[in-house]
Amino acid sequence: MSLKIKSNSHFDTISVIQEALLKWYSNNGRHNLPWKVNDIYKIWISEIMLQQTQVKSVIPYYQKFIQKYPTISDLLKAKKNDILKLWSGLGFYRRAENIFKTCEILKKKHNGKLPVNYDDLILLPGIGKTTASAILTFSGNGAYSILDANVKRFLSRLLRIENTTKNNKYLWDYSTLLLPNDKASEFIQAYMDIGSMICTPKKPNCGICPVVKYCISHTKGFLNSNEINKPKIKENNIWVMVLVNSKNQFFLESVNYNGLWRGLYSSPLFKNYGELSDWIKIHNIELNKEHTIWKFVHHLSHIKFSFNVIFYKVKSNKKISLSPDNWYNLSNIEFGMPKYQNKIIDKYKSINDYN
DNA sequence: TATTCGTGGCC
DNA sequence: TGGCCAAGAAT
């Protein structure tokens, strides 16, 4: 591999950068994050939660999770819905499913414990290269480098190459090359901290960067290469039939929307009004003056949903044919709900003086 | 390899 | 204030 860092001696430069990052981290890094503990189980949970999710958003979810499941053996007894409930609101719910799947695998193949070697760990669902490396390195089980969004941005600027997927292999090799064998745990944390605190996406704070001397972008100018490969945001309509009975119970069912919000529960969803119309006919529901409509917009990273919500109070004397098993009191729900459902419930409460 | 997974912080 | 982006992985 050819090193692009400017120096007469590449290997001297590597050790200088290593020391500069470690010293900066020692003085300025994030040392007090709640998952900075010597417990591979807690590190695992934190690393899954932190995938594509900001530290600030993760902290309360992490704390609630660890409070309910302090050890891996506690978690092994959990049901999938228990985990999804703790996850609801955090997003990317496949991660919660993967934690449950991992528990099943650990019970069958690993004596109820997380493996502490790379080859076994990366086979577990939801654990890729960066997550496996972080779990092992932070828990003191080896020295493996990472390439998360922070490191990608930091290294691509340092080397002045485009921050694109086609450079992933080069950046992975470089990330590994720069990793010191001793203090690897501190170093990968320094990697991420400098990315999130100094080498930020917009207006990087080069004035206090410990390796600004070696940064080719700082000398030759930054590449503006982040415009490529941005998936377009689709716009979709979605219809929701919100049914509430006389006991203030909500009719909820498992979400089935092309895999979106899988495993969570919500009021029945429909792709268009026709599907909703068919559904209410089948269940002998007639819309009349008892219903109200509410529209709101709910953004995902790749879809802009325009929600069309019908609130409908079900009277007990009607011939409506709805399964008696799907009515739930909001106070003791044992599964997770998508964020839009919470918005809908909040709206219902504000309309109906619900308590 | 390009998409598909949620939600909220941040400016 | 609307748009960018986040401790990525699976397919």
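Sequence lines set the chain letters: A, B, ... in the order given, protein chains first and strands last, and positions in each chain run from 1. None of the values given here were measured: they were computed from a predicted structure.
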To the nearest angstrom, how far is [X] atom [atom1] from [N] atom [atom2]?
| X | N | atom1 | atom2 | value |
| --- | --- | --- | --- | --- |
| Ile48(A) | dA6(C) | CD1 | P | 18 Å |
| Met49(A) | dA9(C) | CE | P | 16 Å |
| Asn167(A) | dT1(B) | CG | P | 12 Å |
| Arg153(A) | dC5(C) | CZ | C1' | 9 Å |
| Arg30(A) | dA7(C) | CZ | C1' | 8 Å |
| Glu47(A) | dG8(C) | CD | P | 9 Å |
| Lys101(A) | dA9(C) | NZ | P | 16 Å |
| Asn168(A) | dT1(B) | CG | P | 10 Å |

Just by distance, with hydrogens left out, do [X] and [Y] show a side-chain donor and acceptor under 3.5 Å apart?
| X | Y | result |
| --- | --- | --- |
| Ser331(A) | Asn329(A) | no |
| Thr165(A) | Asn168(A) | no |
| Asn117(A) | Asp119(A) | no |
| Ser306(A) | Glu235(A) | no |

field: Qualifying residue, where the test is side-chain contact (heavy atoms from CB on, under 4.5 Å) with Ile135(A) and the options are Ile48(A), Ile122(A), Leu121(A)
entry: Leu121(A)

- prompt: With sugar-phosphate meaning primed atoms plus P, OP1 and OP2, does Ile122(A) contact a base, only sugar-phosphate, or nothing at under 4.0 Å between heavy atoms?
  reply: nothing

message: Base, sugar-phosphate or nothing for Trp35(A)? Non-hydrogen atoms, less than 4.0 Å.
response: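 Base contact.
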
message: Say we look at dG6(B) and dT11(C): how far apart would their P atoms be, to the nearest angstrom?
response: 14 Å

field: Spacing of the P atoms in dA7(C) and dT4(B) (rounded, Å)
entry: 23 Å

5'-most by nearest nucleotide on DNA chain C - Leu124(A) or Leu50(A):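 Comparing both residues, the 5'-ward one is Leu50(A).
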
query: Looking at DNA chain C, which of residues 128-137 of chain A put a heavy atom within less than 4.0 Å of it?
result: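 When residues 128-137 of chain A is checked for heavy atoms under 4.0 Å from DNA chain C, the hits, listed by number, are Gly128(A), Lys129(A), Thr130(A), Thr131(A).
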
message: Base contacts versus sugar-phosphate-only contacts with protein, heavy atoms under 4.0 Å: please encode nucleotides 4-11 of chain B as B, S and - from 5' to 3'.
response: SBBBBSS-

message: Strictly below 4.0 Å, N to O, side chains only: are Glu97(A) and Lys80(A) in salt-bridge contact?
response: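 So Glu97(A) pairs with Lys80(A) through a salt bridge.
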
message: Regarding Lys107(A) and Glu104(A), does a basic nitrogen lie under 4.0 Å from an acidic carboxylate oxygen?
response: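 So Lys107(A) pairs with Glu104(A) through a salt bridge.
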
- request: First locate atom OH of Tyr214(A), then atom CD1 of Ile17(A), and finally report the distance between them rounded to the nearest 0.5 Å.
  value: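 Nearest 0.5 Å value for the OH-CD1 distance: 7.0 Å.
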
query: Does the separation of the ring centres of Tyr340(A) and Phe305(A) fall below 6.0 angstrom?
result: no

query: Between dC5(C), dA7(C), dA2(B), which nucleotide has the shortest distance from any of its atoms to the side chain of Pro201(A)?
result: dC5(C)

